[in-house]
Amino acid sequence: GALLFLGDQVDADLYNMAFYREGEGVLPAELTEVVRTVNASHLIVTDRLHPAVRGLGDRGDPLGLGQVPFFEYFGCVPFSAIEPDEIDDQGGGELRASVQDERSQATVAGSSRVIARFDDAEEHAAVVERRFGEGRVVLVTTSADKEWHLWPDHPTFLPIMMELAHYVAKRGDSGTKHWVGEPIELPLDPAAFEPDAVVRTPAYPTEPEVSVTAAPSGNGQELAFHWDHTDSAGVYQFVLQRRGRAVASSSGEVVRLVTVNIDPGESDLSMAQEDELRRSMRGVPLEYVKGIESIAEATGEVRTELWRILLFATAAVLMIEQFLAWTWGRRK
């Protein structure tokens, strides 16, 4: 992942040529020119569901982020994977399949997502995000310091920056969750990937990778990789091979992650009722005993605490020792 800020040393033409590359580069928007406001602009959060700004509140601006003045920032045009002439009016606005198949990796990743804008007349984008490859790139169109704004003085600056850094640092493919002992069924797109792959268990490379072949899934309509050996918790890696005209990395490999966790129900420390215990222990001999008295009666023994007896015995021995020492010492 990458978190990018701009400033007065940025050459927009060079950035567009090297990093944007007409939508195929890492930059999520094409830069235009520096906007210098006569009156300060302010931020408007446009995507409150984004993880980085979700804590700002659902309505209004309770933390006062919209009061922070911004004096300079870059104008930009966020990347869009859908061009006007590529929309099928008769198909409800869906992309034509032929166009989508020929997209590059950046285009397949989808359009940019505008998280926040400025409240100027043009509503310039302030924070833009886009998936790229296996990660995410977030572009902030102003500086990271107070050269172009006063945001670092505001209490929202540090937590939002930390959330953005945490967001881009996360793996783009967070995996699919399964429980230990449950089989893994990973769908396969036969137009994009070969039917043969390898599986790496959490013990890899101590355990060698295993070859698998996709087979019809449960509904019989799609292909999927099926893996039954999930006795260990951890991350299982399915290494797929791209095929045909699909976009490939330098090695042609794509890794799909599947996380296998221990059932959280096993860590539930709340008191279980008799019916719940019998249901969970079905097939196992179980005798449910109620109350400590019943346990004592069942065993025929009553537990006795010995620490008091030992304490009194130790005190008595010490007293006798002192008495004998005093008696014999007095005779001498």
Handout entry: Set of side-chain contact (heavy atoms from CB on, under 4.5 Å) partners for Gln67, sequence neighbours left out
Key = none
Problem - Side-chain hydrophobic cluster, 4.5 Å single linkage: members besides Met319 - result: none
Handout entry: Identified side chain to side chain contact (heavy atoms under 4.5 Å, CB included) counterpart of Val127 within the set Ile115, Thr142, Val114
Key = Ile115
Handout entry: Any Thr201 side-chain heavy atom under 4.5 Å of Trp227 side chain
Key = yes
Handout entry: CD (Glu209) with more than 12 external heavy atoms under 6.0 Å
Key = yes
Handout entry: Any side-chain heavy-atom pair of Pro216 and Leu223 under 4.5 Å
Key = yes
Problem - Side chain proximity check, Glu123 to Phe118, heavy atoms < 4.5 angstrom - result: no
Exercise for the section: Could you state whether Phe225 and Val210 fall into the same hydrophobic cluster, counting links through intermediate Ile, Leu, Val, Met, Phe, Trp or Tyr residues with side-chain heavy atoms under 4.5 angstrom apart? Expected result: yes
Practice task
May I ask you to test the Thr141-Leu139 pair for a side-chain heavy-atom distance under 4.5 Å?
Solution key: yes
Exercise for the section: Any chance you could measure Tyr288, atom OH, to Met281, atom CE, to the nearest 0.5 Å? Expected result: 13.0 Å
Handout entry: Sub-4.5 Å side-chain heavy-atom contact between Asn261 and His178
Key = no
Problem - Heavy-atom neighbours of Glu147 CD exceed 12 at 6.0 Å - result: yes
Practice task
Go through the steps to decide whether Phe157 and Trp151 satisfy the test ring pair (Phe, Tyr, Trp, His ring centres under 6.0 Å), and finish with yes or no.
Solution key: CA-CA 6 Å; Phe157 180 77; Trp151 194 9; 5.3 Å; yes
Problem - Cluster overlap Val77 with Leu31, hydrophobic side-chain contacts below 4.5 Å - result: no
Problem - Note, Val258 side chain near Leu186 side chain (heavy atom, < 4.5 Å) - result: yes
Handout entry: Asp196 side chain vs Thr213 backbone, donor-acceptor pair below 3.5 Å
Key = no
Practice task
Could you tell me whether a side-chain N or O of Thr37 sits under 3.5 Å from a main-chain N or O of Phe71, the two making a donor and an acceptor?
Solution key: yes
Handout entry: Student check: side-chain heavy atoms of Glu72 and Val35 closer than 4.5 Å
Key = no
Exercise for the section: Report whether Val140 and Val68 are members of the same hydrophobic cluster (ILVMFWY, side-chain heavy atoms less than 4.5 Å apart, transitive linking). Expected result: yes
Practice task
Answer with yes or no whether the hydrophobic clustering places Val26 together with Leu6; edges join I, L, V, M, F, W, Y residues whose side-chain heavy atoms lie under 4.5 Å apart.
Solution key: yes
Practice task
Indicate whether any N or O donor in one side chain lies under 3.5 Å from an N or O acceptor in the other, for Arg136 and Tyr167.
Solution key: yes
Handout entry: Any pair counted as salt bridge (Lys or Arg N to Asp or Glu O under 4.0 Å), so long as it reaches residues 306-326, sequence neighbours left out
Key = Glu305-Arg308
Identify every side-chain donor-acceptor pair in residues 38-45 under 3.5 Å, counting partners at least two apart or on other chains, and give the distances.
unit_1 : atom_1 : unit_2 : atom_2 : d
Ser41  : OG     : Tyr73  : OH     : 2.9
His42  : ND1    : Asp119 : OD2    : 3.4

Problem - Sub-4.5 Å side-chain heavy-atom contact between Leu306 and Ile309 - result: yes
Handout entry: N/O donor-acceptor pair under 3.5 Å between His149 side chain and Asp145 backbone
Key = yes
Handout entry: Within the 6.0 Å centroid threshold, strictly below: Tyr15 and Tyr20
Key = no
Problem - CZ (Phe323) with more than 12 external heavy atoms under 6.0 Å - result: no
Handout entry: Any donor-acceptor N/O pair, Asp120 side chain to His124 backbone, under 3.5 Å
Key = yes
Exercise for the section: Would you sort out whether Arg256 and Phe193 count as a side chain to side chain contact (heavy atoms under 4.5 Å, CB included), showing the intermediate values? Expected result: CA-CA 12 Å; Arg256 294 285 184 262; Phe193 299 100; 3.7 Å; yes
Practice task
Assess the side chains of His226 and Asp228: does a donor N or O sit below 3.5 Å from an acceptor N or O?
Solution key: yes
Problem - Other ILVMFWY residues reachable from Phe312 by side-chain steps of under 4.5 Å - result: none
Handout entry: Short side-chain to backbone donor-acceptor contact, Thr32 and Gly75, under 3.5 Å
Key = yes
Problem - Atom CD of Glu33: over 12 foreign heavy atoms under 6.0 Å - result: no
Exercise for the section: Kindly say whether Gly181 contributes a backbone atom to a donor-acceptor pair with the side chain of Thr230 at under 3.5 angstrom? Expected result: yes
Handout entry: Contacts of Arg117 that satisfy side-chain hydrogen bond (donor to acceptor under 3.5 Å, both in side chains) - sequence neighbours left out
Key = none
Handout entry: Audit row: Trp148, Phe74, side chain to side chain contact (heavy atoms under 4.5 Å, CB included) steps and yes/no
Key = CA-CA 10 Å; Trp148 283 1; Phe74 265 90; 3.8 Å; yes
Problem - Donor-acceptor pair, side chain of Thr156 and main chain of Gly64, under 3.5 angstrom - result: no
